[in-house]
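Structure first, then comments.
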Amino acid sequence: MTETSTVSHLARGAAEATPEPVARRVRGLSDRAIAWVFIAPTIILLLAINIFPLIWTIQLSFTNYRANRPNAAVTNVGVEHYSNILSDPDVWHSMQVTAHFVLWTIVIQTVLGFALAYLIDRKFRGHGFWTTVILIPMMLSPAVVGNFWKFLYQPQIGLFNYIVGFFTGMDPSSFQMIGDVRLAPWSIIIVDTWMWTPYVMLICLAGLRSIPDYIYEAAEVDRASAWRQFWSITLPMAMPFIMLAVLFRGIENFKMFDLVNLLTSGGPGSTTEVASITLKREAFEKWRTGYSSAFAIILFVTVFGLANIYVKALNRVKSR
């Protein structure tokens, strides 16, 4: 049976199964109207889930509304929340912590992810098995990963301290990864790198395998060295994929909450208090809903603006 006859058979079956009143209404509709009938539920769902909360958050950001006082009078405060946030040193501190976290995780994950992708692309014996093993961390829930690493970081019984002590000769109980001001930020960076480097590796691997083999064959005919092939062919042609991975990880890490909340809850002190932790405290501990809504809008505009600039740079690289 050909594909055309199969489609006709399915269409005939659907027409026969449609009740006669409904069939008469459908026959009276244009193709555009039928298309809108199918698209409308998705658009309505999108508006209900994404657009309406955004509009409501913008409205709340200009009020003194508190979610724990639903019956209190709500007054318009104008741009007071935005002004207070932009002049608050604690907010700027959390933004600096977030920037530090985003910068180092992106650098480390990109280098390691590309190196792993380059190695896996060699297609050595058993590379499929090792690819699966490498992907395991990103398959786990952040809640599981956070609790798992919190146990590993325990100074008395944690495996991480024991391994560091084994290779450096230090006493495993002499340092605390999540309790030390200097080490706490790096404890989060290590866990995030362990979990999401495989994701970067997958994107880079797709870029490496999209390079046609005949380009390397032409380079070998011209007696180009392996180092020259890497800098002139591999890296430039994989660059759009690397930049795409950086974009995805940058957006995700700017919003990082679960791992930080599980590992350090922003401590010790405010050493690891990223912007999302500050937002949570303002919204659900201090119950300053209007203030936290304004903070959420500022974060959204920041991520959207930076991502927009980055996408333009990415398009320039792709058009070369």
Side-chain angles (χ1 to χ4, degrees), residues 98-146 148-149 152-153 160 163 177 185-213 215-216 226-260 262-263 272 274 276 303 306-307 309-311 313-318 320:
T98 305
H100 177 270
F101 175 71
V102 171
L103 174 66
W104 282 109
T105 52
I106 284 180
V107 170
I108 298 173
Q109 290 174 21
T110 302
V111 173
L112 290 180
F114 184 78
L116 287 172
Y118 194 75
L119 181 65
I120 294 295
D121 193 46
R122 300 298 94 186
K123 296 179 180 177
F124 56 88
R125 187 176 181 182
H127 73 280
F129 169 77
W130 289 110
T131 302
T132 306
V133 171
I134 293 171
L135 294 179
I136 288 176
M138 64 174 286
M139 300 177 187
L140 301 175
S141 164
V144 174
V145 172
F148 173 67
W149 275 89
L152 291 181
Y153 280 146
F160 183 87
I163 293 175
M177 286 299 295
W186 290 102
S187 68
I188 299 171
I189 292 172
I190 290 172
V191 177
D192 191 77
T193 300
W194 177 80
M195 186 174 184
W196 292 112
T197 295
Y199 178 76
V200 178
M201 183 202 75
L202 277 182
I203 298 178
C204 293
L205 188 60
L208 292 174
R209 293 191 173 172
S210 68
I211 303 174
D213 291 336
I215 297 180
Y216 290 108
W227 184 250
R228 182 68 177 173
Q229 291 181 30
F230 176 80
W231 279 106
S232 301
I233 300 174
T234 305
L235 194 58
M237 299 194 73
M239 186 55 70
F241 290 86
I242 298 173
M243 293 183 69
L244 195 63
V246 170
L247 175 65
F248 289 157
R249 291 310 307 148
I251 293 174
E252 284 298 317
N253 285 349
F254 197 89
K255 302 182 297 182
M256 171 62 68
F257 173 77
D258 37 20
L259 279 182
V260 180
L262 285 166
L263 286 171
T272 60
V274 293
S276 56
V303 174
L306 293 176
I309 295 171
Y310 189 86
V311 168
L314 176 61
N315 290 333
R316 287 184 182 178
V317 172
K318 288 174 65 179
R320 288 178 184 173

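This is a predicted model, so every value here is computed, not measured.
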Roughly how far, to the nearest 0.5 Å, is [atom2] of [Y] from [atom1] of [X]?
X: F257; Y: L262; atom1: CZ; atom2: CG; result: 8.5 Å
X: C204; Y: L112; atom1: SG; atom2: CG; result: 11.0 Å
X: L235; Y: F230; atom1: CG; atom2: CZ; result: 5.0 Å
X: L259; Y: T272; atom1: CG; atom2: OG1; result: 11.5 Å
X: T105; Y: H100; atom1: OG1; atom2: NE2; result: 10.0 Å
X: D121; Y: H127; atom1: CG; atom2: NE2; result: 9.0 Å

Looking at every heavy atom in both L140 and M195, which two are closest together, and how far apart are they?
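Heavy atoms of L140 and M195 come nearest at O-CE, 3.2 Å.
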Do you know the tightest heavy-atom contact between P240 and L314?
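Looks like O-CD1, 3.5 Å.
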How are the rings of W194 and W149 set to each other: parallel, tilted or perpendicular (split at 30° and 60°)?
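Aromatic pair W194/W149 classed perpendicular.
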When you look at CZ of R209, are more than 12 heavy atoms from neighbouring residues, nucleotides or ligands closer to it than 6.0 Å?
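Count over threshold, so yes.
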Please check if the number of heavy atoms outside R316 that lie under 6.0 Å from its CZ is greater than 12.
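No, not enclosed.
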A side-chain contact here means heavy atoms from C-beta on lying under 4.5 Å apart; do [X] and [Y] qualify?
X: S210; Y: F241; answer: yes
X: W130; Y: L119; answer: no
X: F114; Y: V200; answer: no
X: V246; Y: Y310; answer: yes
X: M201; Y: L135; answer: yes
X: I189; Y: W186; answer: yes
X: Y216; Y: T234; answer: yes
X: T110; Y: R249; answer: no

Test side chain to side chain contact (heavy atoms under 4.5 Å, CB included) on Y153 and V191; report intermediate values, then the result.
CA-CA 10 Å; Y153 280 146; V191 177; 3.6 Å; yes
Could you give me the CA-CA distance, side-chain angles and deciding distance for M177 and L263, then say whether side chain to side chain contact (heavy atoms under 4.5 Å, CB included) is met?
CA-CA 10 Å; M177 286 299 295; L263 286 171; over 6 Å; no
Evaluate the side chain to side chain contact (heavy atoms under 4.5 Å, CB included) criterion for residues V145 and D258: first the C-alpha distance (whole Å), next the side-chain angles of each, then the deciding distance (0.1 Å), finally the verdict.
CA-CA 10 Å; V145 172; D258 37 20; over 6 Å; no
Is a donor on one side and an acceptor on the other found under 3.5 Å between the side chain of S276 and the backbone of M256?
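Yes; judged by distance alone, with no hydrogens or angles, the pair exists.
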